[in-house]
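A quick note: this is a predicted structure, and the numbers were derived from the prediction, not measured. Keep in mind that the numbers below use all heavy atoms, side chains included, and drop hydrogens, waters and symmetry copies.
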Amino acid sequence: MALVIAIPSYKRHLNLKTLAYLKKEQIPIEFITIFVANETELELYKAEYPKYTFVVGEIGIKNQRNFISKYYDDGIFVISMDDDIIDLVSFTNKPFLIWAKECIKYMEDHNLGLLGINPTTNLYWVQNSKAPEFQKGRYLSVGVFHIYKNYKDENLTINCIEDYERSIISLRKYGSVARYNGVGLKTKYWAAGGLRDERTIELYKSQVYKFFEIYPTEVKITMKKISQLSKIELLPNIVIIKKVKNEKKD
């Protein structure tokens with residue numbers, strides 16, 4: 001099985017951590033496509049990574065994710081990886097090619113359209129959580145790494161928290177989102193460059209409340225500290241409700 005790996009990237013041509021991880025995992029470069037925002041970015045990236053395939057998409061993570069969905073054929077499984085993944089630590093020492101294919105097989109066997117990993121970067125907690133290798137339920141599939149069955153007509157409308165919207169869309173369609181607990185994530189959420197450049201406090205707040213207006217029966221809002229946006233202010237945070245009325249049954 002040849003894997004389809006899509007990497008949206010912006011302003012990270014000098015430090016595209018995900019490529020270093022994939023190189024360490026000996027992933028063939030023909031599996032990888034890097035989606036950049038414009039022609040200027042394209043030239044910068046090509047100068048640093050001349051052997052890789054690049055596609056000019058659109059600026060903004062929501063727009064870029066929609067572009068990527070329209071780029072690929074319907075029905076294929078796309079492994080989406082943000083550009084700042086330092087490592088995906090396999091707790092059973094499985095190579096990336098092995099566990100990624102196992103994830104896709106799990107999705108096929110259980111008729112699921114979206115799979116994510118545990119969003120925490122606390123590797124000790126993830127490894128010792130006693131969770132099964134695979135789960136399915138009303139989970140968030142965090143945007144930094146997810147696998148999805150592609151449909152060109154699935155259109156994201158929310159900025160900043162577009163991964164919540166993809167999760168809700170998939171929950172409506174399939175009833176569950178898959179989670180793979182066999183790896184732990186090493187990354188720095190909202191690091192300089194990339195998505196952080198468009199995620200202001202004002203935009204973030206407006207998108208959270210807009211999202212809640214669209215999906216009021218499927219999510220709730222809590223308040224939490226998000227230090228990357230504010231050191232003192234508590235900010236609204238979306239939580240997916242674990243049980244909703246009239247949800248699709250497996």
For the residue pair [X] and [Y], establish whether any side-chain heavy-atom pair is separated by less than 4.5 Å.
| X | Y | result |
| --- | --- | --- |
| Met223 | Pro236 | yes |
| Tyr174 | Leu114 | no |
| Ile32 | Met81 | no |

Notebook entry, point to check: In terms of the angle between their ring planes, are Tyr71 and Phe35 parallel, tilted or perpendicular, with boundaries placed at 30° and 60°?
Noted result: perpendicular

Notebook entry, point to check: With under 30° as parallel and over 60° as perpendicular, where do the rings of Trp99 and Phe145 fit, or are they tilted in between?
Noted result: tilted

Hydrophobic cluster identity match, [X] and [Y], side-chain contacts under 4.5 Å:
| X | Y | value |
| --- | --- | --- |
| Val239 | Val219 | no |
| Tyr209 | Ile168 | yes |
| Phe67 | Ile76 | yes |
| Ile214 | Leu140 | yes |

Item checked: Partners meeting salt bridge (charged side-chain N to carboxylate O under 4.0 Å, His left out) with Arg179 (sequence neighbours left out) -> none

Item checked: Any residue meeting salt bridge (charged side-chain N to carboxylate O under 4.0 Å, His left out) with Lys231, in chain and number order, not counting sequence neighbours -> none

Margin query: Looking at Lys101, I'd like to know if its NZ atom is crowded, meaning that more than 12 non-hydrogen atoms belonging to other residues, nucleotides or ligands lie closer than 6.0 Å.
Written below: yes

Margin query: Whether the Glu102 and Tyr180 side chains hold a donor-acceptor pair (N or O, under 3.5 Å, no angle test) is what I'd like checked.
Written below: no

Margin query: I'd like to know if the side chain of Tyr45 pairs up with that of Ser9 as donor and acceptor (distance under 3.5 Å, no hydrogens or angles considered).
Written below: yes

Margin query: Given Asn181, which partner from the list Glu133, Gln127, Gln135 fulfils the side-chain hydrogen bond (donor to acceptor under 3.5 Å, both in side chains) test?
Written below: Gln135

For residues 47-60, tabulate all N or O donor-acceptor pairs below 3.5 Å that involve a side-chain atom, not counting sequence neighbours.
{"from": "Tyr49", "atom 1": "OH", "to": "His13", "atom 2": "O", "distance (Å)": "3.2"}
{"from": "Tyr49", "atom 1": "OH", "to": "Leu16", "atom 2": "N", "distance (Å)": "3.4"}

Notebook entry, point to check: Got a salt bridge between Arg65 and Asp82, using NZ or NE/NH1/NH2 to carboxylate O under 4.0 Å?
Noted result: yes

